[in-house]
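Below you'll find the structure, written out as structure tokens, and then a few comments.
All values reported here derive from a predicted model rather than from experimental measurement. Below, chain A is the first sequence line, B the second, and so on; all start at residue 1.
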Number of protein chains: 2
Amino acid sequence: MSSVAKVARVLESFIAGRTELSVTDTVGLLDIPKSSASRMLKAMADAGLLEHAPGSRRYRIGPLAIGLGRAGRTQSRLMDRLHAMLAEVVRSCGHTGYVSVRDGLEIFGLRMIEGSHDLRVVREPGVRMPAVATAVGRALLARFDDAALAALLPDQLDRPSPAAPASRAEAIARIAHARAQGWAEAEDEGHRGIGTIAVAVADPVSGECASACITYPAAVVTAAERARICSLLTDGARRVGAELGDPVWIAAPRRRRIA
Amino acid sequence: MSSVAKVARVLESFIAGRTELSVTDTVGLLDIPKSSASRMLKAMADAGLLEHAPGSRRYRIGPLAIGLGRAGRTQSRLMDRLHAMLAEVVRSCGHTGYVSVRDGLEIFGLRMIEGSHDLRVVREPGVRMPAVATAVGRALLARFDDAALAALLPDQLDRPSPAAPASRAEAIARIAHARAQGWAEAEDEGHRGIGTIAVAVADPVSGECASACITYPAAVVTAAERARICSLLTDGARRVGAELGDPVWIAAPRRRRIA
DNA sequence: GACATAAGTTGCTCTATTTGGAACTACTGT
DNA sequence: ACAGTAGTTCCAAATAGAGCAACTTATGTC
């Protein structure tokens with residue numbers, strides 16, 4: 001049995017429900033002598049795939065494996081459908097789009113779809129930003145009501161730009177505004193000269209929620225074009241939301257546009 | 001560099017933000033010849049750690065790695081605090097307790113704390129059960145409002161026992177009841193002769209939600225003892241909920257007990 | 001605290017897995 | 001159609017991993 005297969009077999013046993021694993025357990029699991037089992041588990045711990053359970057010689061899933069779950073969020077029916085919808089929007093409007101998720105009080109992009117315009121906004125996925133200071137983040141946080149937000153957000157907010165919310169109350173108000181209209185907008189917030197329009201869709205079966213957004217150079221995009229991008233995104237979100245059973249989009253009134 | 005270290009290095013690069021990986025990327029990542037890179041990625045794909053991206057020769061995270069992230073859910077501040085709270089409840093009442101989570105329309109236990117009574121309910125963690133037909137599942141589903149539940153639940157429900165809800169409307173009513181009183185109860189539902197009382201707590205920072213429950217032999221536990229278990233669990237849930245910032249428990253009236 | 005047992009670690013020799021160059025196939029861009 | 005790039009497979013050689021034995025550490029019992 002190859003080393004890769006053994007690593008996989010050990011990790012599989014955690015998926016099957018185990019929370020801890022001993023060297024002796026591993027002898028039975030892999031049908032190898034305990035010296036081999038001991039060295040295999042130690043090597044996996046050294047690599048971050050496992051760690052010692054506190055106060056114990058047994059092993060549990062390690063930081064690398066836990067982090068993998070987060071990385072695995074790039075792949076689900078929600079992400080695939082948001083990606084496909086966003087690809088159509090990008091094709092139609094020519095600007096760059098991202099599929100992003102929230103992790104605590106930060107957001108980060110999982111997928112990027114580059115636009116075709118000569119003047120483009122390009123940012124690598126994976127870069128983390130404060131959720132309240134981005135359209136994407138406000139679209140995602142719009143899934144919480146005001147009371148939950150008051151519990152979740154700290155008193156003092158970082159303020160990466162003058163356009164970002166300065167207080168928790170202001171952040172909550174802007175999130176409530178995004179909730180009411182079904183999409184969020186930012187300009188000169190995460191980055192100067194850049195505008196963003198974002199929507200969020202949830203998959204009630206998996207419990208996931210993700211955002212799709214379009215970013216564009218604020219100076220060259222007209223009000224009519226912004227309205228069109230907004231319309232493309234909200235129509236797309238409603239369609240994906242309906243497919244997945246997201247009650248927010250099923251219940252949302254059809255015309256929710258820029259005033 | 002050992003095989004385990006190489007596997008870990010490849011998986012780490014997905015955590016760092018990459019969504020796809022080619023054989024050529026791997027040559028650079030691991031500093032090995034492309035024949036070695038090709039075989040390493042193929043071995044990882046065969047083991048389920050990676051898979052081919054659709055319509056591409058590039059690789060992305062595979063089902064085993066994605067499942068691992070889910071398995072990693074056993075370890076978080078929510079799980080640790082629920083476990084500690086539940087250990088105290090088990091010590092006090094003597095019956096077995098579980099920490100469980102929902103995955104779609106099913107629930108499964110992540111951690112078990114065995115009671116001290118001679119007559120015990122013992123079920124291995126990891127066994128999946130329909131959410132609507134268990135106290136645990138109804139406590140977890142109580143986080144959704146009725147509209148969301150109507151979208152989430154199928155028309156036809158499996159009915160593993162006569163005590164389980166027979167229709168979606170009945171399931172929603174029982175979940176609403178659990179929501180109103182802050183805990184859920186089941187008797188003769190998942191298993192004959194077994195009673196369960198369950199609460200749910202969420203961590204708004206991580207987005208996780210988990211249940212803590214006590215199971216007991218229904219025939220030998222008095223009404224007064226059931227009320228005491230209920231009180232221990234809801235007091236414990238309120239304390240953990242307050243620590244984590246769960247608005248449901250912060251806002252909940254203090255006395256929410258069995259009528 | 002003494003003792004037996006179980007779990008886990010490490011040294012060292014052997015072997016089976018892994019390596020990597022070369023030759024090849026498949027795909028992509030012009 | 002063709003050149004260049006990406007990826008695969010063969011096969012002999014190399015070495016990481018295997019596994020026995022001896023050892024250390026932890027645990028349960030009296």
Can A/E243 and A/R77 be counted as an ion pair, charged N to O under 4.0 angstrom?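 Result for this pair is no, no salt bridge flagged.
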
Does the distance from a Lys or Arg side-chain N to an Asp or Glu carboxylate O, for B/R9 and B/E12, drop under 4.0 Å? yes

If we ignore hydrogens and angles and just use 3.5 Å, is the side chain of A/S211 paired with the main-chain N or O of A/V199 as donor and acceptor? yes

Backbone N/O of B/D203 and side chain of B/D246: donor-acceptor pair under 3.5 Å: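 No, the answer is negative, given that no donor and acceptor are paired below the 3.5 Å cut-off.
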
Going by the salt bridge (charged side-chain N to carboxylate O under 4.0 Å, His left out) test, name the single residue among B/R60, B/R57, B/R18 that passes it with B/D25.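 Only one option passes, and that is B/R18.
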
Starting from the first five and the last five pairs of the helix from C/dG1-D/dC30 to C/dT30-D/dA1, work out the angle between the resulting helix axes, to 10 degrees.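 Helix axis angle between the two ends: 70°.
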
Walk along DNA chain C from 5' to 3' and tell me the first and last nucleotide with an atom closer than 4.0 Å to a non-hydrogen atom of chain A.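 Range of nucleotides touched by chain A: C/dA7 to C/dT18.
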
Test log, rule side chain to side chain contact (heavy atoms under 4.5 Å, CB included), inputs B/Y216 and B/I194: CA-CA 6 Å; B/Y216 52 86; B/I194 291 175; over 6 Å; no

Could you tell me the separation between the CE atom of A/M85 and the CG atom of A/D80, rounded to the nearest 0.5 Å?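 The CG atom of A/D80 is 13.0 Å from CE of A/M85, to the nearest 0.5 Å.
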
Of B/R57 and A/T24, whose nearest nucleotide on DNA chain C comes first from the 5' end? A/T24

Non-neighbouring partners of A/F14 that pass ring-ring contact (aromatic ring centres under 6.0 Å, His included), sequence neighbours left out: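 By the ring-ring contact (aromatic ring centres under 6.0 Å, His included) rule, A/F14 matches no residue at all.
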
In sequence, state the C-alpha distance, the side-chain angles, and the governing distance for A/T215 and A/H95, and then conclude on side chain to side chain contact (heavy atoms under 4.5 Å, CB included). CA-CA 6 Å; A/T215 63; A/H95 297 293; 6.0 Å; no

On DNA chain D, which is the earliest and which the latest nucleotide, 5' to 3', with an atom closer than 4.0 Å to a heavy atom of chain B? D/dA6 to D/dG17

Between B/L49 and B/V10, does the side chain to side chain contact (heavy atoms under 4.5 Å, CB included) criterion hold? Intermediate values first, please. CA-CA 10 Å; B/L49 288 165; B/V10 166; over 6 Å; no

Counting only non-hydrogen atoms, which of residues 29-40 of chain B are less than 4.0 Å from DNA chain C? B/P33, B/S35, B/S36, B/R39

Nearest heavy atom decides the nucleotide; on that basis, is B/L21 or B/M1 closer to the 5' end of DNA chain D?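 In this pair, the answer is B/L21.
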
Distance alone, cut at 3.5 Å: any donor-acceptor contact between the side chains of A/S92 and A/R228? yes

Within the 4.5 Å heavy-atom criterion, are A/T96 and A/I214 side-chain neighbours or not? no

Enumerate donor-acceptor pairs with a distance under 3.5 Å from any side-chain N or O in residues 35-44 of chain B to protein atoms, sequence neighbours excluded.
unit_1: B/K42; atom_1: NZ; unit_2: B/D46; atom_2: OD2; d: 3.4

